[in-house]
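To start, the structure under review is shown below, and the notes come after it.
In what follows, chains carry the letters A, B, and so on, assigned in the order in which the sequence lines appear, proteins first and then strands, with residues in each chain numbered from 1. When reading the values below, keep in mind they use all heavy atoms of this one structure, side chains included, and skip hydrogens, waters and symmetry mates.
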2 protein chains.
Amino acid sequence: MSVRADEGPAPDVNRELCPSRAILEHVTSRWGVLVLALLLERTHRFSELRRGIGGVTEKMLAQTLRTLERDGLVHREAWPVIPPRVEYSLTPLGRQAAAQVWELARWTERSVAEVEAARAAYDEEKLRQAPPAGGA
Amino acid sequence: MSVRADEGPAPDVNRELCPSRAILEHVTSRWGVLVLALLLERTHRFSELRRGIGGVTEKMLAQTLRTLERDGLVHREAWPVIPPRVEYSLTPLGRQAAAQVWELARWTERSVAEVEAARAAYDEEKLRQAPPAGGA
DNA sequence: CTGTATCCGGTCCGATACTG
DNA sequence: CAGTATCGGACCGGATACAG
């Protein structure tokens, strides 16, 4: 089984300065993932996102939304009313991104138990190899 | 169209302390992505990975490899010979992870042009809205 | 309600030197 | 060849205060 089927020459994975690095970091950023996931369901207001994501500060949410908006993944629509009303939604490109990170997030969720088991085994093995004097 | 078809209640996207967050950051980390991509092709030695990934320091490569190994994604095999020989490969779980991040990386590569166009449009719009005095 | 500006502590990461 | 130890700067991100 090869993931790299005949789908072209593939990304320039060896280029650390590749522009796709920035995009990847935006969509997989701590709050970026959660924002995309929420917007995948439906349009949300700023405060709805804030409540929907526990623990995010206004600064980071605004910053995350700006970045995703600038990348053309999120659409921002503001009504000139008092109090202000701003709604965020996904662009078509953003829906693609959200779908990808969503799949990755789902894989991660599915694998949590297996990963934690691997960590426990790794840590125990390290302990056996490095007994703290008197381990005999 | 909904990405969230009937596939269960979905990940706890609203839990920022979710253990899957750490896993996600490991596999999408700067060097993690590149390591997984290279190992997706075949087994590599430490120095091969170092050369294959331009710009990575020994420290970061070793750190990345150990993290992925501890998570059960990468298998490390060392021969007790002089000079030392260590080979890294993907575990079955690691192959799943690599496939996912590979897909995401490919989407990112495909979207670079569109994203950059969006950025240019965004920046120009911002300039038009914030003329630096005398813009008329 | 929807943001922006500032301060500041923690963390990451690169450079360097050293070890088995 | 395959790492580890340490240091120091850069940057991320949280808290707070303030603005439209």
Please state how far atom [atom1] in [X] lies from atom [atom2] in [N], giving the value in whole angstrom units.
X	N	atom1	atom2	answer
E87(A)	dT2(C)	CD	P	9 Å
I82(A)	dT2(C)	CD1	P	12 Å
Q63(A)	dA15(D)	CD	P	14 Å
R30(A)	dG13(D)	CZ	P	8 Å
E25(A)	dC12(D)	CD	P	9 Å

So does [Y] get a backbone contact from the side chain of [X], meaning a donor-acceptor N/O pair under 3.5 Å?
X	Y	result
R85(A)	P80(A)	no
H44(A)	L38(A)	yes
T91(A)	G72(A)	yes

### Query
Mapping A62(A) and P83(A) onto DNA chain C by nearest heavy atom, which one lands closer to the 5' end?
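Result: P83(A).
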Proximal nucleotide (of [options]) relative to the [X] side chain:
X	options	answer
F46(B)	dA15(C), dG3(C), dA2(D)	dA2(D)
V86(B)	dG3(D), dG14(D), dC13(C)	dG3(D)
Y88(B)	dG3(D), dC1(C), dC1(D)	dG3(D)
K59(A)	dC7(C), dT2(C), dG3(D)	dC7(C)
R76(A)	dG14(D), dT2(C), dA15(C)	dT2(C)
M60(A)	dC1(D), dG13(D), dG3(D)	dG13(D)

### Query
Using a distance-only test with no angle check, is there a side-chain donor-acceptor pair under 3.5 angstrom linking T43(B) and E87(B)?
no
Measuring to OP1 and OP2 of [N], would you say a side-chain N or O of [X] lies under 4.0 angstrom away?
X	N	result
R45(A)	dT2(C)	yes
W31(A)	dG14(D)	yes
T57(A)	dG13(D)	no

## Note on the structure
When E58(A) and P84(A) are each assigned the nearest nucleotide of DNA chain D, the 5'-most assignment goes to E58(A)
### Task
Tell me, yes or no, whether the heavy-atom count around E114(A) atom CD, taken from other residues, nucleotides or ligands under 6.0 Å, exceeds 12.
no
### Message
Categorize R50(A) for me: base, sugar-phosphate, or nothing, with a 4.0 angstrom heavy-atom threshold over every strand shown.
### Response
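Contact class for R50(A): none.
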